Amino acid sequence: LKLWEPVVVLEQLGSTLFETALLMVVKDRSVNATYPDAHLSREDSQQKAITDFYMAYNLIIRLLPILPALLLARLGDRGWRRAPIVVPMSGYLLSRLALLLVVVFRLPLEVMFGAAVVFGLSGGFCAYWPGVMTLASLGSTATDRSKVMMKVELLYGAAGLVGSLVSGHLFLLYSFSLKHGIVLLTVSALLHLLCLIHSIFLLQVKPEDNCHLIPPAYSEAPAEAPLGKDMVNVVLLFAAAMLYNSAVGGAIDILGSFVVKEPLNWSATQVGYGNAAGFMIFLTSFVGVMVFRRCVSDVTLILIGMLSFASGIYFMSFVTATYMFYIARVLNLFALIPMPTIRSLLSQQVPASSCGTILTSLQLALKFAGLAYIPAFTKIYQRTLDWFPGFVFTLSSVITVLGMIPIRYDTISSLISRYRYNINILPSSTGKRYQPIGFISQ
């Protein structure tokens, strides 16, 4: 109970419940949305209202965490390892309570923008996730680090799967005194409260003296020799990550709105099941790495993951029935391999004192990319609703293919070969937490 595992489980369980609740609340509040000047149908007006809300909300929680996340990362690297976890957890709890108040007292949905500001100023997922990854890294040696990170992956995916399966059912619990969503949001808030208490009083940080983020053979080399080559590789890894993140993030942000409109028109229970199908990708990606790494190079491993997402999201462009949605998700089985591998390679190149900073820097780069792709994908989706609602998914597939170009560069190939046996699998982040259907990021 004194390790980081309960933090991952409690936070992920609470967040999956919150994401389902927020989507359904936004859908309900957008039913009567009208745009007379745009001459939109009732359903298209609802879709525009939903996507406009998500666009503004996502932009807030991507922009505001930048400075707090950097400050918390520096605090963490100076020995305050709990700070990047405890502070964001406070923001998580407050934002969950805000949505609960919106439902209980029928407050305007715009209150959630204020909650997003509080969440962002606390550092959000941008600070929290690198903090967890750093603790997990510092608690292991270079030889067993891969197993530890895979454990993080399995816990993250399993908690998300369980939370998603029950979220829709909890949302529909209703009585004369309790509206839809109150039970769900109460449980979510309690889980985050337990997570915060655990982070403050029980979370144990191991001393860094015995932790080695870099194998000794590399850490003893002269700093000047690999510096130039490492920087080129870092830039290329960042470029590949940003392209892939833009493709995944752009599509996933729209997917939540896509499944609650005709012809799918999902209920809260179906949304939960669809989300659970997405979290299965964490488990299948883990199995894929364990199997494929024995017989293919790591360059091929990354490309397999990118091709998996490109094919699945392209198929999603033509989904008109629920069973087709699940077929598209089957094609996405290995979609979580690329980003975690890139994160792992970046962390392999820095000492313990800089691990939190480099992971946070990548997270911030993905945040800045989100400032471009969020409004772009949202506006494209709104303008193609009438003739091809799935066009954004085709666009996402094309961008994914472009993201393969930096991976094929020779210096990336040599870098990946160098760390062939030290690959870790971390939960992906599309500039935010990975969300299998497309719910609000954290």
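Note: hydrogens, waters and symmetry copies are ignored here, and every other heavy atom, side chains too, is used. Residue numbers count from 1 along this sequence. This structure is a prediction, so every number in the text was calculated from the model and none was measured.
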Problem set entry | I399/Y244 under side chain to side chain contact (heavy atoms under 4.5 Å, CB included): CA gap, chis, key distance, verdict | CA-CA 7 Å; I399 296 175; Y244 190 61; over 6 Å; no
For this session: Could you check W129 against Y156 for side chain to side chain contact (heavy atoms under 4.5 Å, CB included), going step by step and ending with a plain yes or no?
Result: CA-CA 11 Å; W129 192 244; Y156 186 89; 3.7 Å; yes
For this session: Report the C-alpha distance between L184 and L172 in whole Å, list the side-chain angles of each, state the deciding distance to 0.1 Å, and finish with yes or no for side chain to side chain contact (heavy atoms under 4.5 Å, CB included).
Result: CA-CA 9 Å; L184 178 65; L172 294 176; over 6 Å; no
For this session: Applying side chain to side chain contact (heavy atoms under 4.5 Å, CB included), run through L170 and L173 and close with a yes or a no.
Result: CA-CA 5 Å; L170 287 176; L173 289 179; 3.8 Å; yes
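Distance alone, capped at 3.5 Å, is enough to place a donor-acceptor pair between the S30 side chain and the V26 backbone. With hydrogens and angles ignored, the 3.5 Å screen pairs a side-chain donor or acceptor of R294 with a backbone N or O of M290. Proximity of a side-chain donor or acceptor of D253 to a complementary backbone N or O of T378 within less than 3.5 Å is not detected. Under the 3.5 Å distance criterion, the side-chain polar atoms of T284 are matched with a main-chain donor or acceptor of I281. Remark: the backbone N or O of L307 is paired with a side-chain donor or acceptor of S311 at under 3.5 angstrom. For S308 (side chain) and I304 (main-chain N/O), no donor-acceptor pair under 3.5 Å exists by modelled atom type. Counting only distance, with no hydrogens or angles, the side chain of R81 and the backbone of G76 share a donor-acceptor pair below 3.5 Å.
With a 4.5 Å cut-off on side-chain heavy atoms, F325 and L255 count as touching. A heavy-atom distance below 4.5 Å is not found between the side chains of V187 and H192. Q270 has its side chain within reach of S267: a pair of non-hydrogen atoms, C-beta onward, lies under 4.5 Å apart. A heavy-atom distance below 4.5 Å is not found between the side chains of Q382 and Q47.
In this structure, the ring of F292 has its center less than 6.0 angstrom from the ring center of F334. Ring centroid separation for the pair F53 and F113 comes in under the 6.0 Å cut-off. Ring centroids of W266 and Y273 are separated by 6.0 Å or more, keeping the two rings apart. The six-membered or imidazole ring of Y314 lies away from that of F393, with a centre-to-centre distance of 6.0 Å or more. Ring pair Y57/Y54: centre-to-centre distance not below 6.0 Å.
Considering every non-hydrogen atom in both L72 and G123, the closest pair reads CD1-CA, 4.3 Å. Closest heavy-atom contact between F309 and A335: CB-CB, 3.8 Å. Across L283 and L154, no two heavy atoms sit closer than the pair CD2-CD2, 3.7 Å. Minimum interatomic distance between A21 and L185 (heavy atoms only, all atoms of both residues): CB-CD2, 3.6 Å. Scanning both residues, P84 and G131, for their nearest heavy atoms gives CB-CA, 4.0 Å. Nearest approach of L59 to P375, heavy atoms of both residues: CD2-CD, 4.0 Å.
Other residues, nucleotides and ligands contribute more than 12 heavy atoms inside 6.0 Å of the CZ atom of R82. Surrounding OH of Y326 are more than 12 heavy atoms belonging to other residues, nucleotides or ligands, all under 6.0 Å away. Atom CE of M280 sits in a sparse spot, with 12 or fewer heavy atoms from other residues, nucleotides or ligands closer than 6.0 Å.
Between Y92 and F119, the ring planes lie perpendicular to each other; the angle is over 60°, past the 30° to 60° tilted range.
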